[in-house]
J.: 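Before I ask anything, here is the structure I am working with.
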Amino acid sequence: MRIAVIGSGYAGTTLAAGLAALDHDVTAVDIDPEIVSSINAGEAPIHEPGLDQLLSEHAGQNLTATTEYAAIRDAAIVFIAVQTPSREDGSIDVAPLRGAVQSAARTLAEESHRDDGHVVAIKSTVTPPQVSALRDEILEIAGDAVHLELAMNPEFLREGSAVEDFLNPNKLVFGTDASLARERLEAAFTPLIADASPAVIHTDPETASMIKYANNAFLAAKISLINDLGNICKVFGIDAYEVAEAIGTDDRIGERFLRSGVGFGGSCFPKDVRAIIAASTEAGYEPSLLSAALAVNDGQPDRMLDLLERHTTPAESRVAVLGLAFKPGTDDIRNSRSIPVIEGLLERGATVIAYDPVATKQMRERFPDIEYARSAREALDGAGAALVLTAWDEFAALNGAFEEMSDRIVIDGRRVIEPQDGMTYEGLTW
Ligand code: UDX
């Protein structure tokens, strides 16, 4: 099938490479010429395991990138995966997506090379009312000039395992009111449906958008719930991980996403929860539980700082911050819990030395004036306290390195450090 993907960010590039791996003829369209030449050279414009390999196999074969919208005119499906930035109040700024949808619809209305119509499938995360508005607009632009159908096809990829998640989905959500869109989307993903047996959900576009928000809101709230329970455990002197392991055996609860600690970061959970709260509030319902989930998440970094202050005066201390990425396996620092922790340490007058195996460059742009170490060992050398914020495997193997600290105070936000003799160790929820 001839497929175009507009937007070559993390979701769009993974989608384009993944569809090429399913043997489709794929054209990736992006306004950034550097991204386009990177894809054409078979190199991933973002850090994502397995993506370089897929691109190098398919670029120049059945995958081409271009800056020209005209390249979409013979596509059976045009996926749109452009950014949906947040506004100050948490709501989604739909302008970049709207621009892409309008350009796609105009190109197809004026220059279509197909007489059997086109499907425009939105991958970007937008709220149900925004989906309705986009559908009205696209149909108006198409008019009688071309047959266009709109679909919402949300993605559930995790950073760091996006390629693997694409090839092994647990569900595919096809949101459309129209039959051509339904048929073509199912055909595009047929190899995955045959191999990975995902749940295939056919619904309308607004419900598809809500499924995406509900999925992320549910997982974010699950983490905040285990953090809230974990904070209760801490005040009672109980290990929240022992409690989580026990309740996880109840398959109504499930064992995953029960790791309590300093909370969730990343580009999706905080943004999507804020966006659905904003959209719902505007429509007349204020979701109090989701607001509480954000409040618990915002409070976890402060709880780490409170634990630190129980054992030392930050203003007199050199504090090592271990882990800057929002989770292991990525160099992404968006909404990383290390950001409010570093801010809190600086407000308290601490001297901060930070370390991360891959995200130092990104954090240096955010905090140019703190010190950065080249290894965890170097960060710990002479530090009075260490705060652990990302569950990198290498932190679990530090062992003797803690002996180089001036005071061995360790506050662990991710449960990766094994307490040792002579160490003052505090787990956030254990
Ligand atoms: C998430 C969703 O999982 C994915 O389906 C969606 O498409 C995008 O958002 P991602 O942001 O890549 O993916 O990361 P994920 O692995 O889900 O972790 C998110 C955050 O939650 C991380 O900061 C992680 O450390 C934290 N987390 C996760 C916990 O604190 N405890 C847990 O038990 C699980």
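Just so it is clear, the values below take in all heavy atoms, side chains as well, and ignore hydrogens, waters and symmetry mates. Both counts, for ligands and for their atoms, begin at 1 and track the order of listing.
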J.: Does any pair with a residue in residues 222-259 pass ring pair (Phe, Tyr, Trp, His ring centres under 6.0 Å), and if so which ones, sequence neighbours excluded?
T.: Tyr241-Trp430
J.: Which residues pass the salt bridge (Lys or Arg N to Asp or Glu O under 4.0 Å) test with Arg274, not counting sequence neighbours?
T.: none
J.: So, using side-chain hydrogen bond (donor to acceptor under 3.5 Å, both in side chains) as the criterion, who are the partners of Glu43 when residues are at least two apart?
T.: none
J.: Inspect the contact between Arg334 and Glu159 and indicate whether a charged nitrogen and a carboxylate oxygen are less than 4.0 angstrom apart.
T.: yes
J.: For the residue pair Tyr355 and Glu394, confirm or rule out a side-chain donor-acceptor distance under 3.5 Å.
T.: yes
J.: Can you confirm whether the side chains of Lys271 and Asn335 place a donor and an acceptor under 3.5 Å from each other?
T.: no
J.: Show me the short polar-atom pairs for ligand 1: any N or O of it lying under 3.5 Å from a protein N or O, with distances only.
T.:
{"from": "ligand 1", "atom 1": "5 (O)", "to": "Phe156", "atom 2": "O", "distance (Å)": "3.0"}
{"from": "ligand 1", "atom 1": "7 (O)", "to": "Leu157", "atom 2": "N", "distance (Å)": "3.4"}
{"from": "ligand 1", "atom 1": "7 (O)", "to": "Leu157", "atom 2": "O", "distance (Å)": "2.8"}
{"from": "ligand 1", "atom 1": "12 (O)", "to": "Glu159", "atom 2": "N", "distance (Å)": "2.7"}
{"from": "ligand 1", "atom 1": "12 (O)", "to": "Lys327", "atom 2": "NZ", "distance (Å)": "3.0"}
{"from": "ligand 1", "atom 1": "14 (O)", "to": "Lys327", "atom 2": "NZ", "distance (Å)": "3.1"}
{"from": "ligand 1", "atom 1": "16 (O)", "to": "Lys327", "atom 2": "NZ", "distance (Å)": "3.0"}
{"from": "ligand 1", "atom 1": "23 (O)", "to": "Gly265", "atom 2": "N", "distance (Å)": "3.0"}
{"from": "ligand 1", "atom 1": "23 (O)", "to": "Phe326", "atom 2": "O", "distance (Å)": "3.0"}
{"from": "ligand 1", "atom 1": "25 (O)", "to": "Arg414", "atom 2": "NH1", "distance (Å)": "3.4"}
{"from": "ligand 1", "atom 1": "30 (O)", "to": "Arg414", "atom 2": "NH1", "distance (Å)": "3.3"}
{"from": "ligand 1", "atom 1": "31 (N)", "to": "Arg259", "atom 2": "O", "distance (Å)": "2.9"}
{"from": "ligand 1", "atom 1": "33 (O)", "to": "Leu258", "atom 2": "N", "distance (Å)": "3.4"}
{"from": "ligand 1", "atom 1": "33 (O)", "to": "Arg259", "atom 2": "N", "distance (Å)": "2.9"}

